[in-house]
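From a predicted model like this one, the values you see are computed outputs, not experimental measurements. FYI, side chains are in, hydrogens and waters are out, and symmetry mates aren't considered; it's all heavy atoms of this structure.
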Amino acid sequence: MTLMPPFVSNASITRPERKSKISASRKLMLKSLMVAKAKEDLEQELAEKEEQKEKYLEEKTPALNINSMSLEELQIKDLNIKVLDLRGKFKRPNLRRVRVSADAILRSLLGSKHKVSLDLRANLKSVKKEDTEKEKTAEVSDWRKNVEAMSGMEGRKKMFDAAKGPAQ
């Protein structure tokens, strides 16, 4: 090992480039051969795995006896198996309450193209306090007249006739 003075860096020292002993065409040919061999090995490995899988399944699963069943029975059995498989795969999420405004509901129903904002309170009927008091007194007087009209034997006869239906 040679000692270099501290002010000389390794980057300043140039090394002569080594020439490759193998030509570029030979290198390319060898590389393509290696790739072809790797591809062949991979295909062979996949085929072996498939054979092992089939052998394992033949050992572990019993032979199906489908000769005794009709086509309809087989289809129904297959459908039942599919339904049972689906039941186990899906988990129902817990639902949460979400507060949504009326505008948001309209946007979701009508789409984002229609930007409709309705003032829902504008469509409501305005009610004055005085009107409700008059209606209450009218209802009370009607109720009393109705009770008086239905009292006694004549009232019971009217109720009986009304329950009976129209005159026959």
Side-chain angles (χ1 to χ4, degrees), residues 1-133 135-136 139 162-163 165-166:
M1 185 168 151
T2 61
L3 295 175
M4 287 197 253
F7 56 88
V8 177
S9 67
N10 287 341
S12 64
I13 300 175
T14 57
R15 295 182 185 159
E17 290 187 31
R18 293 185 349 184
K19 272 195 165 181
S20 177
K21 294 183 180 180
I22 197 167
S23 67
S25 60
R26 175 115 172 116
K27 199 184 275 189
L28 184 63
M29 183 188 72
L30 289 173
K31 193 181 276 188
S32 64
L33 286 173
M34 286 173 45
V35 168
K37 177 67 175 162
K39 186 176 179 182
E40 184 181 309
D41 289 347
L42 184 63
E43 289 174 357
Q44 186 178 1
E45 185 178 325
L46 288 174
E48 287 177 5
K49 281 185 179 179
E50 191 65 31
E51 287 176 16
Q52 288 176 354
K53 182 179 175 182
E54 288 177 13
K55 186 178 177 183
Y56 178 81
L57 288 175
E58 285 176 9
E59 291 175 0
K60 297 294 181 182
T61 57
L64 293 176
N65 184 12
I66 59 172
N67 294 334
S68 63
M69 293 185 182
S70 68
L71 180 63
E72 185 178 320
E73 289 175 344
L74 285 173
Q75 288 175 341
I76 289 172
K77 190 169 182 128
D78 185 47
L79 189 63
N80 285 337
I81 290 172
K82 285 180 182 178
V83 167
L84 290 174
D85 284 347
L86 286 176
R87 273 191 201 151
K89 288 183 183 178
F90 299 107
K91 182 180 177 185
R92 292 185 180 159
N94 295 330
L95 299 177
R96 297 175 299 185
R97 286 186 177 246
V98 178
R99 290 188 180 186
V100 182
S101 67
D103 290 337
I105 292 172
L106 287 173
R107 259 188 265 122
S108 66
L109 292 174
L110 300 175
S112 61
K113 294 177 184 175
H114 304 284
K115 294 185 178 178
V116 179
S117 63
L118 296 176
D119 185 13
L120 298 176
R121 291 184 182 172
N123 295 335
L124 296 176
K125 180 181 176 183
S126 61
V127 177
K128 295 180 183 176
K129 195 171 188 178
E130 299 165 1
D131 293 342
T132 58
E133 291 173 4
E135 289 175 8
K136 285 182 183 177
E139 289 175 13

Next on the checklist: Once side-chain contact (heavy atoms from CB on, under 4.5 Å) is applied, do any residues pair with Glu54, and if so which ones, sequence neighbours excluded?
Outcome noted: Glu50

Checklist entry - Under 6.0 Å from the CD atom of Glu72, do we count more than 12 heavy atoms belonging to anything else shown? => result no

Checklist outcome for this item: Sequence neighbours excluded, the answer for salt bridge (charged side-chain N to carboxylate O under 4.0 Å, His left out) partners of Lys39 is none

Checklist entry - Between CG of Leu84 and CG of Leu79, what distance do you get to the nearest 0.5 Å? => result 10.0 Å

Checklist entry - Do side-chain atoms of Glu58 reach the backbone of Lys55 as a donor and acceptor pair under 3.5 angstrom? => result no

Item to check | Interatomic distance, Ile76 atom CD1 to Ser70 atom OG [nearest 0.5 angstrom] | outcome: 8.0 Å

Item to check | Euclidean distance, Asn80 CG relative to Asp85 CG, rounded to 0.5 Å | outcome: 11.0 Å

Checklist entry - What do the steps show when you test Lys82 against Asp78 for side chain to side chain contact (heavy atoms under 4.5 Å, CB included), and what is the final call? => result CA-CA 6 Å; Lys82 285 180 182 178; Asp78 185 47; 3.4 Å; yes

Checklist entry - Between CG of Leu46 and CG of Leu42, what distance do you get to the nearest 0.5 Å? => result 5.0 Å

Item to check | Distance, nearest 0.5 Å, that separates CE of Met29 from CD1 of Ile22 | outcome: 8.0 Å

Checklist entry - What distance separates Gln75 CD from Lys77 NZ, expressed to the nearest 0.5 Å? => result 14.0 Å

